[in-house]
Amino acid sequence: MPADLVFLGIGELFTGQPGGFLKEAGIAFAEGRVVWLGPSDEAPSARRTLDARGSIGLPGLVDCHTHACFAGSRAAEFERRLAGATYTEILDAGGGILSTVRAVRRASLAALRRTLEARLREMLDLGVTTVEVKSGYGLEPEAEEKMLRAMHAQRTPVEVVPTFLGAHAIPAEYRDRRADYVDQVIREQLPRCAPLARHVDVYCDRGAFTLEEARAVLEAGIRLGLKPRAHAEQVAWTGIAAVAAALGATSVDHLERLDAAGVSALARHGTVAVLLPSAMLYLHDPPPPVKDLRRAGVPMAVATDFNPGSSPMRDLWTAATLACLAMGLTVEEALLGITRHAGRALGRSDLGWLGEGSAADLVLVAPPPGEPAEARVLVQYMGGHRAAWVVKGGHIVAGREAGGRRAGRRRLPAVG
Ligand code: NIG
Ligand code: FE
């Protein structure tokens, strides 16, 4: 039986395994699966054969931490922070996350879905085939559910992994009744939202939720079948990383203030450390303890944390480069960080690598002009690597070489 689709002559194919760089490689898909991968000249016959000479191949990229479903603008907040205001001060004064909450509560489900789709299409054009998206800008049962429904309603080829983040901030109307809000998250939001989500996340930090509040929310989510994750040790150390790891978290994220006990807890429980270099830079935070994580053998993923406040940055390639420059990752760690380890952060052993049993997700990119077809140049050069082909589930779904439909259709906004 011939395969459905074969790419031949890939200059270098990174398989998502340590040291997995194959030269002059080919890859074949059939019935939505990878059926072969190896030296180009041994490729099986296929109904459709494409010449990918000179390109660089990687598993479809996985952005494992985003807040890509939002409405409203926070441009003024960016300027206030440049002028010296801190992220926590702005949140305490009812801005920051809470200003996005006001915009999301006002937005219709259709409007949320449309902007989410536009953002996902941009990510897909860069080769990102799976995107985790968090709720957390509704902070009331109806609006949290609306966000998750917008994620389910999106119709791009990107696979969205929805996460419930009702414990993202204390909404203004509960400012002096925080225990009542935690109660609402557990008794009303979670039962309504759990069927629409895969993970439960919490923002445990100064100005957000305490360790005990966060633990209660994670435990309630686990009882409803969700896999826990946490925004951990970002602005201030709280101890949530070790607690979440012990609760079976697939990942803990940010980690700029992670301590030695936290590092050992992640190693002991096999928890992935998700690094978010763009949020670290936007908030002027110090780098997380990458050397200690490496020494302890903790798998490190890298994500955009795309959101309108702490990380208005939606290019996963850029995040990979920043993780090297600002946090000290090696190029290979960064590549694993946006592929296999990102899949693991989502508890998904099929994502972020290529081989028998993997997802049939592939991105093929041309190197920058004059550069060799080597995956490492995509980390050396920062960002903006538009894919030649993007394959999701064994089918070509985007890319310049795939027809360029969207580029041709994009229109400038009307003037006057
Ligand atoms: O991952 N720190 C908390 N949550 C997000 C920011 C969300 C926002 O500012 O809107 C983060 O950085
Ligand atoms: Fe986040």
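Counting begins at 1 with the first residue of the sequence. Read the numbers this way: they start at 1 and go in the same order the structure lists the ligands and their atoms.
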A.B. asks: Taking the basic N atoms (NZ, or NE/NH1/NH2) and the acidic carboxylate oxygens, is any pair closer than 4.0 Å for Glu159 and Lys392?
C.D. replies: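 Salt bridge: yes.
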A.B. asks: List every atom of ligand 1 that sits less than 4.0 Å from any heavy atom of His65, numbering the atoms from 1 in the order shown and giving each element.
C.D. replies: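 The atoms of ligand 1 under 4.0 Å from a heavy atom of His65 are 1 (O).
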A.B. asks: Using a strict 4.0 Å cut-off to heavy atoms of Gly309, name the atoms of ligand 1 that fall inside it.
C.D. replies: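 Heavy-atom distances to Gly309 below 4.0 Å select 9 (O).
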A.B. asks: Taking the Fe ion (ligand 2) as the centre, count the protein N/O/S atoms lying under 2.8 Å from it.
C.D. replies: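 For the Fe ion (ligand 2), the figure is 4.
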A.B. asks: For residues Tyr181 and Pro171, determine if any side-chain heavy atom of one lies less than 4.5 Å from a side-chain heavy atom of the other.
C.D. replies: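 In short, these two side chains touch, coming nearer than 4.5 Å.
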A.B. asks: Taking only non-hydrogen atoms of Tyr137, do any sit less than 4.0 angstrom from ligand 1?
C.D. replies: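 Under 4.0 Å: yes for Tyr137.
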A.B. asks: Quick one about Thr330 and Glu332 (side-chain donor to acceptor, distance below 3.5 Å, no hydrogens or angles considered), yes or no?
C.D. replies: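 There is no such pair (donor and acceptor under 3.5 Å, judged by atom type) between the side chains of Glu332 and Thr330.
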A.B. asks: Pairs in or reaching into residues 163-172: which pass side chain to side chain donor-acceptor pair (under 3.5 Å), with residues at least two apart or in two chains?
C.D. replies: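 Qualifying pairs, neighbours excluded: Glu132-Thr163.
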A.B. asks: Mind checking whether Asn307 has a heavy atom under 4.0 Å from ligand 1?
C.D. replies: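 Per 4.0 Å heavy-atom rule, Asn307 contacts ligand 1.
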A.B. asks: Does a sphere of radius 6.0 Å around CZ in Arg376 hold more than 12 heavy atoms from other residues, nucleotides or ligands, not counting ones at 6.0 Å or beyond?
C.D. replies: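 No, because the 6.0 Å sphere around CZ of Arg376 holds 12 heavy atoms or fewer from other groups.
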A.B. asks: Could you list which atoms of ligand 1 come closer than 4.0 Å to a heavy atom of Ile97?
C.D. replies: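 Contacts of ligand 1 toward Ile97, numbered from 1: 7 (C), 8 (C), 9 (O), 10 (O).
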A.B. asks: Any N/O of Gln234 closer than 3.5 Å to an N/O of ligand 1?
C.D. replies: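 Right, the criterion is met.
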A.B. asks: Starting from atom 4 (N) of ligand 1, what is the nearest protein heavy atom, named by residue and atom, and what distance separates them?
C.D. replies: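 Of every protein heavy atom, His168 NE2, 2.9 Å lies nearest to atom 4 (N) of ligand 1.
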A.B. asks: Should Cys64 and Val274 count as side-chain neighbours, where that means a heavy-atom distance under 4.5 Å?
C.D. replies: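 Cys64 reaches Val274 side chain to side chain.
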A.B. asks: If you count the atoms of ligand 1 from 1 in the order shown, which ones are under 4.0 Å from a heavy atom of Arg74?
C.D. replies: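 Near Arg74, meaning under 4.0 Å from one of its heavy atoms, ligand 1 has 8 (C), 9 (O), 10 (O).
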A.B. asks: Give the residue and atom name of whichever protein heavy atom lies nearest to atom 12 (O) of ligand 1, and the separation in Å to one decimal.
C.D. replies: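 It is Ser310 OG, 2.5 Å.
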A.B. asks: In the structure I gave you, are the side-chain heavy atoms of Asp305 and Ser278 within less than 4.5 Å of one another anywhere?
C.D. replies: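 When only atoms from C-beta onward are counted, Ser278 and Asp305 do not touch, as no gap falls below 4.5 Å.
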A.B. asks: Nearest protein heavy-atom contact for atom 11 (C) of ligand 1: which residue, which atom, what distance?
C.D. replies: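 Going by distance alone, atom 11 (C) of ligand 1 is nearest to Asp305 OD2, 3.2 Å.
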A.B. asks: Are any of the side-chain nitrogens in Arg81 or Glu77 under 4.0 Å away from the carboxylate oxygens of its partner?
C.D. replies: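 Yes, this pair counts.
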A.B. asks: Within a distance under 4.0 Å of any heavy atom of His254, pick out the atoms of ligand 1 and give their elements.
C.D. replies: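 This gives 1 (O), 11 (C), 12 (O) as the contact atoms.
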A.B. asks: Under the ring-ring contact (aromatic ring centres under 6.0 Å, His included) rule, what pairs show up with a residue in residues 283-338, not counting sequence neighbours?
C.D. replies: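 Applying ring-ring contact (aromatic ring centres under 6.0 Å, His included) to every pair that reaches into residues 283-338, excluding sequence neighbours, yields Phe70-Phe306, Trp317-His385.
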A.B. asks: Who pairs with Asp253 by salt bridge (charged side-chain N to carboxylate O under 4.0 Å, His left out), at least two apart in sequence or on another chain?
C.D. replies: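 Salt bridge (charged side-chain N to carboxylate O under 4.0 Å, His left out) check on Asp253 returns Arg229.
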A.B. asks: Taking C-beta and beyond as the side chain, do Val391 and Phe29 meet within less than 4.5 Å on heavy atoms?
C.D. replies: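 A side-chain contact exists here, since the closest heavy-atom pair is under 4.5 Å.
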A.B. asks: Starting from atom 6 (C) of ligand 1, locate the nearest protein heavy atom and write down its residue, its atom name and how far away it is, to 0.1 Å.
C.D. replies: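 Minimum-distance protein heavy atom for atom 6 (C) of ligand 1 reads Tyr87 OH, 3.0 Å.
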A.B. asks: Testing the 3.5 Å rule here: is there a donor-acceptor pair between the side chains of Thr210 and Glu212?
C.D. replies: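 No donor-acceptor contact under 3.5 Å links the two side chains.
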